[in-house]
Amino acid sequence: MDSTPAPAAAAAETPTTAPAFEDCLRLLRGERDEKKLAGLLVAANLCRAGDAASVVEVYRAVGPRFLRRLLNTGLGKVEGGKEEDREAYLRLSVTVLSGLARFPEVAADEGVVSTVPLIAEIVSKSSDLAITEECFELLSLIAIASDGGAHTFCEPGVMDMLFLQISNFPDGSRCLELAIHLMQLLVHKIRIDNMTVEKLQGMTSMVTSLARLFAVLHTTVKFESLHMLTALLSQKESPLHDALRSVPSMIWKCQIRVGITAVLQNRVVSSEKLQALLLAECMMSILGENWLSEEYKVPDDQNMMPVDKFVLLVLESARIEVSVLLNELAYLKYESSKNSQRDDAISQKERNLAILFSLIERIIKMISNASSGEGAVCQTIRESTIMKAITGLNETVGLVLDFLQDAKDHGQRKGDDLLAAVRIVGSYLAEAPYACKEKIRHLLEFIFSVEGQDESSSFHSICFMLPMLSQITMEADGCRILASFGGYKMVIDCLIKMIEQNGMMIDTGNMFLACDTIINFLSNMKNAHIQMGSCFVGLLKALVSWTGTADDSSVIITASCLCTLVLDLTTEEFLLSSPDFDSKTLEKLSKLIARSLHQGIPDDDIEQSNQKQIILSGKYYTLFNINWKKEKKSSHLICYRLQEVV
């Protein structure tokens, strides 16, 4: 059998009147290509007008193998095909497949799904917009019909063939509309979890194609591309993020920056600006905070804003949106009448606020790196830009503190928006601990009480403030603020909870910050007569548990230093009289202090050296020096244990 169908012969055998359905099936089942082609010409009309059962029967009669061969012939992949006949084959095969795929049962069939790479190749090579339109319609039907069909688009090369030329389609054309519709289908249908490396490359091609559209087009397609980019990139812990980090080309990163600049600079609705700011947050999340301030070399036709101006544009846009949202939330929560629409509006604004806070947090980190001269960022941002950014951040954090004050005045301490507000305040004060000092002095107790909507304690609020607390408690005034409302007890409870949950995704850094805060507090408040309460007894037990099997010198010395300061507040007799404290715990405590004296300390570790000095200055080590060395006896178990190592 000739491997190339002959359209002329097919036309000769096609009757002038449409054959009956059975005649069509008989032609399609024929062994000769001429008969199959004659049947296809009739089937094209049947597919448009027929019912599902008839169309399925037509598809089974012709078979996917012949349809694939027809496509390959049209693409010039079959030997013996005539150049002048190829377009006819392409038109016929695409038209028939489109008609068949109108029915999901056919579109989801493996034979039709397997044609996706061939249809994509036709799109990349054809200059006929009519064929291209029909190809996109066919591909959309396949994508809709099954998950397997949608995932076929991620096979190597398919995305590139389909979408690299989209920006060349005429504005407002049917081709452009169908291509964007297909991309939207794929964005919402494809599940990236557990995707192979090869298919992830297909998804990166989609992202880079969307980035190009977002940068160069100035129609509604720009915003549709923006929405698809945020949908793809905002998925948390997505394997797509790692794939994008390994993309060698820098162009897509530049194009997204160009697109964001265009949206933020122009008069567009607030919702689109929020989408652009969300995309900026996604890019910083995936590529690191320095994406915002990196200097990129871009093609001559890309009008890219200077880094300093871009940083300030993103920050100022976020600040404006935060200010508006805080005012709207305060009004809705405390002044408007309650109804379901109000609740929905509050939820949406809280989600938007969380996005903006996350973006500002990343900018705070980037500015901190620039201020300290870390990394390449310090070479791209001028000092004047850094100062403008800090001034703006100060103002925004002040507004957030006013929002918290409003909540306090209305007796509200529970809500995800309040917790997010505490987090952003904590992030900023971690870098500038003495900013907004008076407002913090009056609000710290309230901040320590803020809980998320579904939380039963203020644990996270306290954790967010630990970086700031560990710094302000280095001075007596900061300690007095903490003592004024018993905040140190809440920090102790927070540390105990972290130790109890150690190994359950608790940030070890926060544990050390809590230890530093309490060490600073007890060191600077020795003359304030801090009462030995149950929280300190619980802390000693927790520290013993934390260091039980630890071999990290920083853990052992930090815990031992904290134990020493707590022991200076009390006596062994008092501890043993406590209902939750026994001699075994006291012995473990003694061994901990003894172990700390064995620990070697790096010469450049000033903090551990200071902590060890506190241990050596503690009451029980002093008692050992006075009593044990002279009289060779002591009634104190801790002194007895010290004798074992000295």
Side-chain angles (χ1 to χ4, degrees), residues 4-5 7 10 14 21 24-25 27-30 33 35-78 81 85-126 128-153 155 157-158 161-162 174-175 178-179 181-182 185-186 189:
T4 305
T14 303
F21 182 61
C24 176
L25 294 180
L27 288 170
L28 291 172
R29 291 172 182 141
D33 287 347
K35 289 185 178 293
K36 287 182 178 291
L37 283 167
L40 281 181
L41 290 171
V42 178
N45 294 322
L46 286 175
C47 290
R48 283 193 288 269
D51 56 62
S54 299
V55 170
V56 170
E57 201 166 351
V58 167
Y59 173 66
R60 288 174 179 166
V62 68
R65 184 177 177 183
F66 181 77
L67 292 171
R68 282 183 62 85
R69 186 152 61 87
L70 199 60
L71 286 169
N72 279 317
T73 302
L75 285 166
K77 294 184 174 184
V78 175
D85 293 335
R86 287 180 184 173
E87 188 170 336
Y89 291 132
L90 283 181
R91 285 183 180 280
L92 179 59
S93 56
V94 171
T95 299
V96 171
L97 274 169
S98 296
L100 293 169
R102 285 173 51 243
F103 298 89
E105 182 180 343
V106 176
D109 185 79
E110 186 178 346
V112 174
V113 170
S114 69
T115 66
V116 166
L118 292 174
I119 303 298
E121 189 174 348
I122 294 172
V123 170
S124 70
K125 292 180 176 179
S126 177
D128 188 332
L129 290 181
I131 291 180
T132 304
E133 284 180 20
E134 201 157 18
C135 285
F136 277 121
E137 288 177 340
L138 168 58
L139 292 168
S140 294
L141 292 169
I142 295 172
I144 292 170
S146 68
D147 290 340
H151 279 79
T152 305
F153 288 80
E155 290 183 1
V158 172
M161 288 189 290
L162 283 175
R174 177 71 173 154
C175 263
L178 290 169
H181 175 65
L182 175 59
L185 282 173
L186 296 176
K189 283 211 70 171

Requested in this report: Quick one: do Leu182 and Leu162 satisfy side-chain contact (heavy atoms from CB on, under 4.5 Å)? Show the steps, please.
Outcome: CA-CA 10 Å; Leu182 175 59; Leu162 283 175; 4.2 Å; yes
Query raised in the report: Roughly how far, to the nearest 0.5 Å, is the CZ atom of Arg65 from the CG atom of Leu70?
Result: 14.0 Å
Query raised in the report: Does Glu155 CD have over 12 foreign heavy atoms under 6.0 Å away?
Result: yes
Query raised in the report: So, for Leu71 and Val94, which heavy atoms are closest and what is the spacing to 0.1 Å?
Result: CD2-CG2, 4.3 Å
Report task. Quick one: pull up CZ in Arg91 and CG in Asp128 and give me the separation to the nearest 0.5 Å. Result -> 4.5 Å
Query raised in the report: Do the side chain of Ser93 and the main chain of Leu90 share a donor and acceptor less than 3.5 angstrom apart?
Result: yes
Less than 3.5 Å apart, which donor and acceptor atoms pair up between the side chains of residues 135-150 and the rest of the protein, not counting sequence neighbours?
residue : atom : partner : partner atom : Å
Glu137  : OE2  : Arg174  : NH2          : 3.4
Ser140  : OG   : Phe136  : O            : 3.0
Ser146  : OG   : Gly149  : N            : 2.9

Report summary line: Here the gap from Tyr59 atom OH to Leu100 atom CG, rounded to the nearest 0.5 Å, amounts to 8.0 Å
Query raised in the report: With distance as the sole test, does Arg102 use its side chain to make a donor-acceptor pair with the main-chain N or O of Val55 at under 3.5 Å?
Result: no
Requested in this report: Supply the atom-to-atom distance Asp109 CG to Phe103 CZ, rounded to the nearest 0.5 angstrom.
Outcome: 15.0 Å
Requested in this report: Indicate the atoms forming the closest heavy-atom contact of Lys189 with His151, along with that distance.
Outcome: O-CE1, 4.4 Å
Report task. Could you grab the distance from atom CD1 of Ile119 to atom CG of Leu97, nearest 0.5 Å is fine? Result -> 5.5 Å
Report summary line: Scanning both residues in full, the closest heavy-atom pair of Val123 with Met161 reads CG1-O, 4.2 Å
Requested in this report: Could you pull out the closest heavy-atom pair between Val106 and Ala101, with the gap in Å?
Outcome: CG1-N, 4.4 Å
Query raised in the report: Do side-chain atoms of Thr95 reach the backbone of Leu92 as a donor and acceptor pair under 3.5 angstrom?
Result: no
Report task. With rounding to the nearest 0.5 Å, note down the distance linking NZ in Lys77 to CD in Glu121. Result -> 3.5 Å
